[in-house]
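Notes for the one structure printed next.
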Number of protein chains: 2
Amino acid sequence: MKPKITLKKIAKQFEVSISTVSKALKDSHEIGTELKIKIKKFAAEHHYKPNSLAVRLQNQQTKTIGVVIPNIVHHFFSTVIQGIEEVTNQRGYNVMICLSNESFDKEVLNVEMLAHGSVDGMIVSLAKETQKKNDYNHFNDLLEDDFPLVMFDRINDKFACDKVIIDDVSGSINATNHLIEIGCKKIALITTPKHITVGTLRRRGYVKAIQDHGQEVDIDLIVEVDERESIKKQIEELFDTETFDGIFAVNEVYAITAMNIAREKGFKVPEDISVIGFTDGPLSKLALPPLTTVVQHGYSMGKKTAELLLNRIESKEEFKPQKVVLSTNLKIRKSTKSL
Amino acid sequence: MKPKITLKKIAKQFEVSISTVSKALKDSHEIGTELKIKIKKFAAEHHYKPNSLAVRLQNQQTKTIGVVIPNIVHHFFSTVIQGIEEVTNQRGYNVMICLSNESFDKEVLNVEMLAHGSVDGMIVSLAKETQKKNDYNHFNDLLEDDFPLVMFDRINDKFACDKVIIDDVSGSINATNHLIEIGCKKIALITTPKHITVGTLRRRGYVKAIQDHGQEVDIDLIVEVDERESIKKQIEELFDTETFDGIFAVNEVYAITAMNIAREKGFKVPEDISVIGFTDGPLSKLALPPLTTVVQHGYSMGKKTAELLLNRIESKEEFKPQKVVLSTNLKIRKSTKSL
DNA sequence: TTTTTTCACGAAAACGTTTGAGTAGATTTT
DNA sequence: AAAATCTACTCAAACGTTTTCGTGAAAAAA
């Protein structure tokens, strides 16, 4: 690459001082019109761009925020990123994205790297491994220094930082209630192992809805899918051992896999079995039949998260951490019977 | 946030010079053991982290690369990002992601912002609007200054920069050939308008395969989907006006929409109509039947793109732009008849 | 004892920018 | 003619770091 042109080089060219050049390019009234024109012309011809590192060092801010997420090849997370990007860009910040790939070690590395001063603030959604390990020491220094930090979706309540989550419990209650309302008598739950926060919360909603209707929760109707093994096999087992007329799955993939198995086994969806998923993505719309889902507004979540962070960064007032709970809504498609 | 601790503050604390502190923290032999220990302890207690802006200003590099892509809520692009992130992270760089949202104006803004010195190099995949407008002036300065730039997938051949693309033509030839081999006599093509490069290339492959088999291309069997209107309607029209026994669609969504329409119209896939899509994503695997697709290796593409960029940034040799063409392969699932 | 070496640290330039204060010289005001 | 103002600049500090080149004192070698 060609050596970058600096104020110093322009100054030498015209045998003036650096400050003269700086002011000329800023169109300061302190500089003579003729000289200003000459300098500006020269700068433009040589594609002069102020070195942003130097500018930011002066201003004592990077105008960049960091985002650490477990995965980007994921409809929900990429939607959140889009929301974050929208807000930050609009307010003059850039986004640096780091992927933990659900790994604890990589999350620690990323958080530390970002904390080492490359960003003005940080947005984090925890890796599965971190949640399982329950080790959050990599956030200690940040919290002690009051470093601007916002967590979303995969959060931990013990942190004194801003948080944005969706109302998983209510969403699940609504979904389960809907299944009950359309006449389902036995509703299966396909969820994650207990260490995944969202899985646990969605399960809680499911349990609550059933108990609120005076029914008992049947443990055998609950599958905890271990993603290290075949998802399909684990769900097939449910079909082989139990009978039911409703399924609530905590994500799209489980829901659609279940629908596909149901078909293979000769059940009709929604006539024999109604299915509801959580998280509305491209899969749901194009599934056959299109899947009824609990819509999680990733884009709004990203926007809200970014807003909290930027407000935090820019405010001088004393910090009072808040937790924002975003509500979901049920998008009824064709995988559930109509009333 | 608490005021950041600096070398200067530590120096004042111990009444030594800044350089002493800097060296002590680097465990230099020049500094006495006792003092080193005291300084390190104090620094650790106060969470001292070198200000990365200052360090990078010294080193004259940001150790960050920029990526401008049209969309992140998209399986292919997010996979590429993952590949990019993998390589750059491993080599000590960070990734700054900018979204053009397929908009020309936003692409220009992003490219200029990144060029203004926040990154050591840039990776770009062009916005649809840019390709349609055919206006690439925002890259002029970069190219003139030999700024490290790599383009992938949505590229323009007239740029003298590194490029990474997949072999769309061969992929499409393979897909079409496969349809012909399993006995399809009339093959429909569902593609994009002509200004989308990949659509045009895939169409070229389709045409070539058909002509190579001594057949004529039937223009009426080709649909150019305009995404501003209903995708489903436009494909339904094809079903209403033509008959065929094979479909080659240039992406997953078109392919699955076509499969769904076929079902609705009473055709069986693959018995009556075989369908092949391009780009292997989560939709294909979970579709019913699972979709046969041309697999585009997004992850490898991201890795290759990042490697080219970093090599370019770090090399001192004269630059010779290269174009890397990645091949695809056909993943045969259940949406095509077997031989 | 004199010279050399080692030790432990400081001074200062450099990276590229911004900005308030300072200053000659010319022009205007009183 | 003296004082005030204006014009068009320059100086220098500051942001936080790294690194080369001193340097005075103590220790070791001659």
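In the text below, chain A, chain B and the rest are named by the order of the sequence lines, each starting its count at 1.
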Value in whole Å for how far the C1' atom of C:dC7 lies from CD of B:Glu34: 14 Å
Along DNA chain C (nearest heavy atom to each residue), the more 5'-positioned of B:Ile31 and A:Ala54: B:Ile31
Rounded interatomic separation in angstrom, taking CD1 from B:Ile18 and C1' from C:dC15: 15 Å
Sugar-phosphate, base or nothing in reach of B:Ser19, heavy atoms under 4.0 Å: base
Under-3.5 Å donor-acceptor pair between A:Glu30 side chain and D:dC9 base: yes
Heavy-atom donor-acceptor pair, B:Gln58 side-chain to C:dA14 base, under 3.5 Å: yes
B:Met96 side, atom CE; A:Met96 side, atom CE - distance, nearest 0.5 Å: 4.0 Å
B:Thr20 (side chain) and C:dC9 (base): donor-acceptor pair under 3.5 Å: no
Distance, rounded to the nearest Å, where A:Leu57 contributes CG and D:dT17 contributes P: 9 Å
Sugar-phosphate, base or nothing in reach of A:Phe14, heavy atoms under 4.0 Å: nothing
B:Ser22 side chain near D:dT18 phosphate (N/O to OP1/OP2, under 4.0 Å): yes
Sugar-phosphate, base or nothing in reach of B:Lys23, heavy atoms under 4.0 Å: base
No-hydrogen, no-angle side-chain donor-acceptor test under 3.5 Å, B:Asn311 and B:Arg91: yes
Separation of atom CG in B:Asn59 from atom C1' in C:dC15, rounded to whole Å: 9 Å
B:Lys9 (side chain) and D:dG16 (base): donor-acceptor pair under 3.5 Å: no
Rounded interatomic separation in angstrom, taking CD1 from B:Ile37 and P from C:dA8: 12 Å
Distance in angstrom units between A:Tyr48 OH and C:dG16 P, rounded: 10 Å
Side-chain N,O (A:Lys8) to OP1/OP2 (C:dC15) below 4.0 Å: yes
Donor-acceptor side-chain pairing of A:Asp120 and A:Tyr93 below 3.5 angstrom: no
Most 5' of B:Lys36 and B:Gln60 on DNA chain C, judged by nearest nucleotide: B:Lys36
Exam field: side chain B:Gln131 to backbone B:Ile196, donor-acceptor pair closer than 3.5 Å: no
Minimum-distance nucleotide to B:Thr6 side chain [options: D:dT17, D:dC15, C:dT18]: D:dT17
Close side-chain approach of B:Leu57 to B:Leu53, heavy-atom, < 4.5 Å: no
Mutual orientation of the aromatic rings belonging to B:His74 and B:Phe76 [parallel < 30°, tilted 30-60°, perpendicular > 60°]: perpendicular
Length of the line joining B:His116:NE2 and C:dT17:P, which is rounded to integer Å: 12 Å
A:Leu7 side chain, from C-beta outward: closest of D:dT17, C:dG10, C:dT18: C:dT18
Nearest-Å distance for atom pair NZ/P, residues B:Lys49 and D:dG16: 17 Å
